[in-house]
Amino acid sequence: MATTDTLPAAEIPAHVPPELVREIGLTTGPEFLAAPHDYMAKLHQTHPPIFYSVNPLVGNAWVTIKHEDAFFALRHPEYFTTAGATPFPRDPNNYFHFIPLEIDPPHHRKYRSILDATFSPKGVLRLESYMRKLADELIDSFIGKGAAEFTTDFGRPFPVSIFLDLMGLPQEMRDTFVGWAVDLLHSQDRMTAGLAMRGIEAYLAQVIAEKTAKPDEGVISQIIQARPDGTPLTEREIFGFTFFLFIAGLDTVFATLNNIWLWLARNPDRRLEIIAHPDQINAQVEELLRVFSVTFSGRTLTQDIEMRGVKMKAGDKFTSILPACNYDPEVFLHPTQVDFSRPRKPILAFAGGVHSCIGAHLARLEIRIGLQQWLRRIPDFDVQAGTNIEYWPGGVVGPKTLPLRW
Amino acid sequence: MASVTFVEVSGTEHVIDVAEGENVMRAALNAGIEGIIGECGGGLACATCHCYVDEDWTDRLEEAEPAEIDMLECTASQRRPTSRLSCQIIVDKTLDGLIVHLPEAQY
């Protein structure tokens, strides 16, 4: 890609060498949005391992496409802090932190440890039979029609219902939560997003009061009841934790399911392969997560650092392009091939290090059960002829709609 | 500083100096020792920092807490009585000379 001169020079720090400046339209540009995963895989052929990405819409940052660099950044919070690194508008008069993401070690363990048991591999298995029943109910609602809009008929309600169950919230709220998720994360204007934000805030305030008075076993109650260092979390902490779980867990699983089902719809032989090897389901899920990871890891440098000869300074933003890192040819041979028999290596779908996704085991289970229940009942399906697949711009990568036929 | 030895399945040994207060998983990663992954960064969420503590040393470690014991059920390699998650082993002077054995696989 050519270097850019579309931004005033003041926007690019003086210490950034001009030859490393690139405008790749990460999450926003037309080439990216035409086929985002292909685009991110190809960066290894056309771009240096670390370069400076300029983007008038989302801001400028150093970026890496190397698996090793991403893990380095994720494992060294003393250089790469999450503080201030999540772009999300918040009312400065009623500020909250995304907990535990925006809290650096050592304090972050205080929050994270509250939910370790619930989200552990064993902990999430408690939801398994609920998830299977839910998947079947959703499939029941459209299987007879021979058609579905996957994103609204399955991709959205499946993780949202599971989220509600986990939090201790009523299933009757599902449509409302779906609406909030869409408005907050995919609306075109700030007013719609702002209204959704206020709706969620009001609802969660009410829920927090209810669950303080009448605790149950859900995650919100666990957060309220927790006494790290002997004291409860403040209202802003409880809100920040709960709200972050809401955003973190919904769009990501939604997008991942949508990406996977698009691939399944286009690859009948691979569906047969998955169906023929049920004992390989965990490896299949892991490989699909590698090729269809959906998000990015943003950090801010707290100290100067040099990586691969590139001198970066304290205050610089640094983004690990996790999907591109998952296509690193030095780590994954033939990286764009979906190969279920790869020797397992750490994938970056869930980032890594102390802020590695707390929902990783839950997400893996959701995808596993989604695949098992769906392929058992609808093993054969296509994308509706004439469909033009479009991707959402923004920090979670996936198709907007996915009309399927069988 | 304390000396920690990592023994590969092949028998090859790696001896490193570890600062007091550092955990064995991070020490391994910092020293580039393959065979410890620590995907979740010490959060007791992945069981990929599994090691077998040398029998001469097992008694000198603090006992595993319930969360670690739970996660030890998720190790890829066989769980043994000497199994520990290395992110939970915090180095101090009393562990100078610690020996841990790496498992065949972390996945």
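So you know, we letter chains A, B, ... as the sequences are listed, proteins then strands, and number each from 1.
By the 6.0 Å contact criterion, CD on Glu217(A) is open, its count of non-hydrogen atoms from other residues, nucleotides or ligands being 12 or less. Applying the 6.0 Å contact sphere to CD of Glu63(B) captures no more than 12 heavy atoms from other residues, nucleotides or ligands. Heavy-atom neighbours of Glu273(A) CD from other residues, nucleotides or ligands within 6.0 Å: above the threshold of 12. Within 6.0 Å of CD in Glu34(B) there are 12 or fewer heavy atoms belonging to other residues, nucleotides or ligands. Within a 6.0 Å radius of CD in Glu68(A), no more than 12 heavy atoms belonging to other residues, nucleotides or ligands are found. Around atom CD of Glu330(A), no more than 12 heavy atoms belonging to other residues, nucleotides or ligands sit under 6.0 Å away.
The CD atom of Glu286(A) sits 7.0 Å away from atom OH of Tyr107(B), with the distance rounded to the nearest 0.5 Å. Rounded to the nearest 0.5 Å, atoms CD (Gln106(B)) and CZ (Arg344(A)) are 11.0 Å apart.
Across every non-hydrogen atom of Gly38(B) and Arg75(A), the tightest pair is O-NH2, 4.1 Å. Between Val354(A) and Gly41(B), the shortest heavy-atom contact is CG1-O, 3.4 Å. Listed here is the closest heavy atom pair of Pro346(A) and Ile37(B): CG-CG2, 3.6 Å. Counting all heavy atoms, side chain and backbone alike, Glu39(B) lies closest to Ser356(A) at O-CB, 4.2 Å.
Proximity to chain B is limited to the side chain of His361(A), based on heavy atoms less than 4.5 angstrom apart. Heavy atoms of Cys74(B) lying under 4.5 Å from chain A belong exclusively to its side chain.
Among Ala45(B), Cys40(B), Ala76(B), the residue with the largest count of heavy-atom pairs under 4.5 Å with chain A is Cys40(B). When each of Asn30(B), Thr48(B), Leu29(B) is checked for heavy-atom pairs under 4.5 Å with chain A, Leu29(B) comes out on top. Your options are His108(A), Arg112(A), Lys122(A), and the one with the most heavy-atom pairs under 4.5 Å with chain B is Lys122(A).
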